[in-house]
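Down below is the structure, laid out as structure tokens.
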Amino acid sequence: MEDENIKHNFIKTIINEDLEKGKNNGQVVTRFPPEPNGFLHMGHSKSICLNFGIGKEFNGKCNLRFDDTNPEKEEQKYIDAIIEDVHWLGFDWGETIHYASDYFHQLYDFAIELIKKNKAYVCALSAEEMRKYRGTLTEPGKDSPDRNRSVEENLKLFESMRKGEFEEGAYVLRAKIDMASPNINLRDPIIYRIKKMDHPRTGSEWCIYPMYDFTHGLSDAIEGITHSLCTLEFQDHRPLYDWILDEVSAPCHPQQIEFARMNLNFTVLSKRKLQKLVENHHVEGWDDPRLPTLAGIRRRGYTPASIRNFCNIIGVSKKESRIDVGLLEDCLRSDLNEHAPRVMGVLKPLKVTIENWPEGKTEALDAANHPQNPDMGKREVIFSREIFIEQDDFMEDAPKKFFRLAPGREVRLRYAYFITCKEVIKDDTGQITELICTYDPATRGGDSPDGRKVKGTLHWVSREGSVPAEINLYDRLFLNEDPEADTDDFTKNLNPESLVVLKNSRVEKSLVNAVPEKAYQFERTGYFCTDSKESSPDKLVFNRAVTLRDTWAKMKPKGKPRPKKTKNAKK
RNA sequence: UGGGGCGUCGUCAAGCGGUAAGACACAGGAUUUUGAUUCCUGCAUUCGGAGGUUCGAAUCCUCCCGCCCCAGCCA
């Protein structure tokens, strides 16, 4: 799967038109501007792929810029995690990582410029008073009593704010726009507030911090961004973005373009909700493989290429949508189908004794690492008298369509021999504990010289050729397509079987030194990788990234029902 | 009942006045030492609705309907 150019979308149309008009001297510069207050998730990957993708495609560049204007919520650990995640996804930003905090001095000067133009004033209204003065959606706001403060006094007060002479909340700096604007964002928005708090990067240098609306457009302008892509909820802020850039001597005037954020069904994509799942221990941390965080999905076995491909496939538009996670899974499958080596692992082992195989004898058989790609080579798998097959691959009263093992039936063991089931052994409770089979020496490697056909081919592992492993089977985190459906508390819709731990699995020996996060296809069951945190050569722990498509499971009448889809679900 | 957006197949999504791409899903079929993969085939006479302009409309105009966002000293 190769990374192609970004699928056509309305943003590319705009950029192409700009290029034709010769706007920005033919330059295209974008930016990905995360706030370092949490971990990156799939929603961010859409923005990352879009911004970096466009930068690359138009021979421009894309800056990584931390929007770090609120020290109350931001931490260095998030900065580090975000850098790692963006890098992992496969993007580079050259030498420099940008920070809005790098511009605090310039931003401060721009604020003074605004004050001098009588376009900003220091306001003493309390938070509650300010809310009252702001008006409502249908009623205009009222001017603050401080709105006509003199330029000199504003300058003096703002300087005092900066020097730390006031308590938090005592004063704010506001843009002087229009308290009667139908757009609430234009009703004299706050652009600076006092926060007596150390900043992860500027330490105690500042006790006033600029607000998003003031910071963002100016940071864009300082960096020479040409197209500032953000999500739909900022549409109402665009007039403010433009107002600030127009009123101040900004080096250029980037264009803000909004697109719809990504939503995925059967999961949540908001920092607040993800945080709740983590803090209330519904999952084991930000990198829990069930979470749609990049850290989680990575640990689960997703590849950067599959996510990039996914982000391209879903496209970019202004329509709010909820994408089927099935599509994400499919992108992973298509990447891994091509690149993952094949191995054998038995999730729920059922002991099989080959009664006509000599005790103590082992035999090495050739197995292809990728049947469709001989370049990936082959390996040896060990056959012996005692082997294990999947419990699901045996049925005592098997229907005709069951192409697997049953009393008297013959199947092929992949790359090994044909075996026939002779006897079923059970314990006192009626549980099947062992199968006695015979093998046909003439079928070595899996071919039958007499041309006889066998319907099923099973994966297997021998006692001597395998090691124990623990396997984490992950499923969708929520039972409902819309986790918010029919409840005011989305945690009530959590899927209790989102993680099933198998303690007694066995995998072929070649997997002992598997590299963490490198995915393998366990033939016939799915794609797995060793857990980067829990696994070691002494105790292998595998995570299932995604199952293989399973048409048998689909036609099987019984079995665990899939989570239901809820149509048009509402809260 | 202020302002800003959005409505094209089950889910995404191209389309920009010349007669509905593609992907996933779904349904058939072929090949198969993974019930996988791969490969064929089918799947919107119709674009939220109603009018209008035009030789011609998903694309232009009018009205209506539905959904989303905004009243943090968050981003």
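Just so it is clear, the model here is predicted, and its values are computed rather than measured. Chain letters run A, B, ... following the sequence lines, proteins first and then strands; every chain starts at 1.
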Scanning all shown strands, the Watson-Crick or wobble mate of B/A36 with both distances under 3.5 Å is none
Under 4.0 Å between a Lys/Arg side-chain N and an Asp/Glu carboxylate O for A/Arg147 and A/Asp188?
-> yes
Does any nucleotide pair with B/U1 by Watson-Crick or G-U wobble geometry, both distances under 3.5 Å, and what is it?
-> none
Is B/G49 syn or is it anti, if syn means the base angle is within 90 degrees of 0?
-> anti
A/Glu223 with A/Arg65: basic N within carboxylate O range, under 4.0 Å = yes
Any side-chain N or O of A/Arg342 less than 4.0 Å from the OP1 or OP2 oxygen of B/U34?
-> no
Indicate yes or no: does A/Arg404 engage A/Glu390 in a salt bridge with an N to O separation below 4.0 Å.
-> no
Scanning all shown strands, the Watson-Crick or wobble mate of B/U54 with both distances under 3.5 Å is none
RNA chain B contacts made by residues 183-198 of chain A, counting heavy atoms under 4.0 Å | A/Ile184, A/Ile190, A/Arg193, A/Lys195
Send over the distance from A/Asn37 CG to B/G72 C1', rounded to a whole Å.
-> 14 Å
Please measure how far the P atom in B/C39 lies from the corresponding atom in B/A23, and state the result in whole Å.
-> 11 Å
Answer yes or no for A/Arg162 and A/Trp206: cation-pi contact, defined as NZ/CZ to six-membered ring centre under 6.0 Å and angle to ring axis within 45°.
-> yes
With sequence neighbours excluded, tell me which residues meet salt bridge (Lys or Arg N to Asp or Glu O under 4.0 Å) with A/Lys21.
-> A/Asp18
Could you work out the separation of B/C40 and B/G22 based on their P atoms and round it to a whole Å?
-> 13 Å
If you restrict it to nitrogen or oxygen atoms, what contacts under 3.5 Å exist between nucleotides 5-9 of chain B and the protein, and what is each distance?
unit_1 : atom_1 : unit_2   : atom_2 : d
B/G5   : O2'    : A/Gln235 : OE1    : 3.2
B/G5   : O2'    : A/Gln235 : NE2    : 3.4
B/U8   : OP2    : A/Lys319 : NZ     : 2.6

Charged N-O contact under 4.0 Å between A/Asp146 and A/Arg174 = no
Gap in Å between the two C1' atoms, one belonging to B/A27 and one to B/U19, rounded = 29 Å
Determine the Euclidean distance between corresponding C1' atoms of B/G72 and B/C63; express it in Å to zero decimal places.
-> 38 Å
Tested for side-chain hydrogen bond (donor to acceptor under 3.5 Å, both in side chains) against A/Asn37, the lone hit among A/Glu74, A/Lys271, A/Lys73 is A/Lys271
Excluding sequence neighbours, so at least two apart, what forms ring pair (Phe, Tyr, Trp, His ring centres under 6.0 Å) with A/Phe394?
-> none
For RNA chain B, the residues among residues 10-17 of chain A that have a non-hydrogen atom under 4.0 Å from it | none
Taking for A/Glu139 and for A/Thr525 the nucleotide of RNA chain B with the nearest heavy atom, the one nearer the 5' end belongs to A/Glu139
Rounded C1' spacing from B/U45 to B/U38 in Å = 34 Å
Mind checking whether A/Phe522 and A/Phe542 have ring centres under 6.0 Å apart?
-> yes
Rounding to the closest angstrom, what is the interatomic distance between B/C12 and B/A75 at atom P?
-> 31 Å
Between B/A44 and B/A21, how far is it from one C1' atom to the other, in whole Å?
-> 13 Å
Sequence neighbours excluded, the answer for ring pair (Phe, Tyr, Trp, His ring centres under 6.0 Å) partners of A/Phe403 is none
When A/Leu327 and A/Pro33 are each assigned the nearest nucleotide of RNA chain B, the 5'-most assignment goes to A/Leu327
Send over the distance from A/Arg414 CZ to B/G35 P, rounded to a whole Å.
-> 8 Å
Pick the C1' atom in B/G42 and in B/C9, then give their distance to the nearest Å.
-> 14 Å
Rounded to the nearest angstrom, tell me the gap between atom CD in A/Glu72 and atom C1' in B/G72.
-> 11 Å
Watson-Crick/G-U partner (both atom distances under 3.5 Å) of B/G66 = B/C6
